[in-house]
Amino acid sequence: DQQVKQNSPSLSVQEGRISILNCDYTNSMFDYFLWYKKYPAEGPTFLISISSIKDKNEDGRFTVFLNKSAKHLSLHIVPSQPGDSAVYFCAASALGAEKLTFGTGTRLTIIP
Amino acid sequence: DTGVSQDPRHKITKRGQNVTFRCDPISEHNRLYWYRQTLGQGPEFLTYFQNEAQLEKSRLLSDRFSAERPKGSFSTLEIQRTEQGDSAMYLCASSLSVSGNTIYFGEGSWLTVV
């Protein structure tokens with residue numbers, strides 16, 4: 001039962017352009033969403049989060065958008081840089097629950 | 001560096017042996033989590049502690065797995081009688097018990113069971 005889905009296993013984007021990573025969820029109890037970035041053989045690094053009371057959160061080059069009615073969130077990276085090449089995981093948690101449920105990840109490759 | 005620290009980073013063991021991983025969380029964080037990640041998958045929740053109390057365990061955590069956090073500081077995850085299916089990256093994370101569940105991961109401990 002995959003409650004958090006990242007349907008694109010990989011994405012390639014030209015350096016300087018916008019990268020858009022997508023995530024869908026099925027559990028309507030989820031109220032907090034996060035994006036993590038992971039390099040090979042390292043642990044995930046927190047990037048940005050959003051609460052369900054918001055529909056957008058921005059931090060530098062990273063913006064997360066949340067569409068609660070569609071149960072969809074996206075991460076925008078602009079401009080994309082070579083160092084952004086990594087696997088990106090979407091994660092969600094429900095109110096009162098401590099665990100995060102992760103998607104399967106999207107491998108982003110930035111082409112110089 | 002005051003991030004989450006895990007040891008060892010890599011462990012190769014023979015099937016049937018016991019292994020233990022250690023995690024030192026960020027010093028002011030009272031919550032500590034263990035996750036497991038296999039290739040092509042996202043991290044999967046195993047268990048979490050608030051201070052020294054283990055408050056939740058996933059059904060993924062079989063009887064061969066035990067986690068402790070004796071003084072509410074560092075934690076250990078022991079796997080007894082390892083099986084090849086235990087091969088994975090074991091991730092420790094920590095957080096403060098405030099609103100929003102942003103957790104911070106360590107670099108992980110790779111386990112290979114041969």
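Reminder, nothing fancy here: chain letters follow the sequence lines and each chain counts from 1. Computation of the quantities below employed the complete heavy-atom set of this structure, encompassing side-chain atoms and omitting hydrogens, waters and symmetry-equivalent molecules.
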Do B:Phe74 and B:Ile79 share a hydrophobic cluster, counting only Ile, Leu, Val, Met, Phe, Trp and Tyr and linking them when any side-chain heavy atoms are less than 4.5 Å apart?
-> no
For each of B:Gly42, B:Gly106, B:Ser58, tally heavy-atom pairs with chain A at distances under 4.5 Å, and name the one with the top tally.
-> B:Gly42
Side-chain contact, heavy-atom cut-off 4.5 Å: A:Lys38 with B:Phe105?
-> no
Proximity breakdown for A:Ser51 and chain B, heavy-atom pairs closer than 4.5 Å | neither
If you group Ile, Leu, Val, Met, Phe, Trp and Tyr by side-chain heavy-atom gaps below 4.5 Å, do B:Leu111 and B:Leu60 land in one group?
-> yes
Which of residues 39-48 of chain A get closer than 4.5 angstrom to chain B, counting heavy atoms alone?
-> A:Ala41, A:Glu42, A:Gly43, A:Pro44, A:Phe46
Rounding to 0.5 Å, atoms CD1 (B:Ile103) and OG (A:Ser93) come to a distance of 9.0 Å
Is there side-chain contact between A:Phe102 and B:Phe45, with at least one heavy-atom pair below 4.5 Å?
-> no
Kindly state each residue pair satisfying side chain to side chain donor-acceptor pair (under 3.5 Å) with at least one member in residues 68-81 of chain B, sequence neighbours excluded.
-> B:Trp34-B:Ser75
Does atom CZ of A:Arg107 have more than 12 heavy-atom neighbours from other groups under 6.0 Å away?
-> no
Any chance CD1 of B:Ile12 has more than 12 other-residue heavy atoms, nucleotides or ligands included, within less than 6.0 Å?
-> no
Heavy-atom nearest pair, B:Thr102 first then A:Tyr32, reads OG1-OH, 2.7 Å
Answer yes or no: are there more than 12 heavy-atom neighbours, outside A:Arg17 itself, under 6.0 Å from its atom CZ?
-> no
Within a radius of less than 6.0 Å around NZ of A:Lys68, do more than 12 heavy atoms belonging to other residues, nucleotides or ligands occur?
-> yes
If two hydrophobic side chains count as joined below 4.5 Å and joins carry through other members, does A:Phe30 share a cluster with B:Tyr48?
-> no
Should B:Phe21 and B:Val4 be counted in the same cluster of Ile, Leu, Val, Met, Phe, Trp and Tyr side chains packed under 4.5 Å apart?
-> no
Check whether B:Glu56 gets within reach of chain A through its side chain, its backbone, both or neither, counting any heavy atom under 4.5 Å.
-> side chain
Is there a chain of hydrophobic side chains (I, L, V, M, F, W, Y, each step under 4.5 Å between heavy atoms) that links A:Phe33 to A:Val87?
-> no
Please state whether the side chain, the backbone, both or neither of B:Gln37 comes within less than 4.5 Å of a heavy atom of chain A.
-> side chain
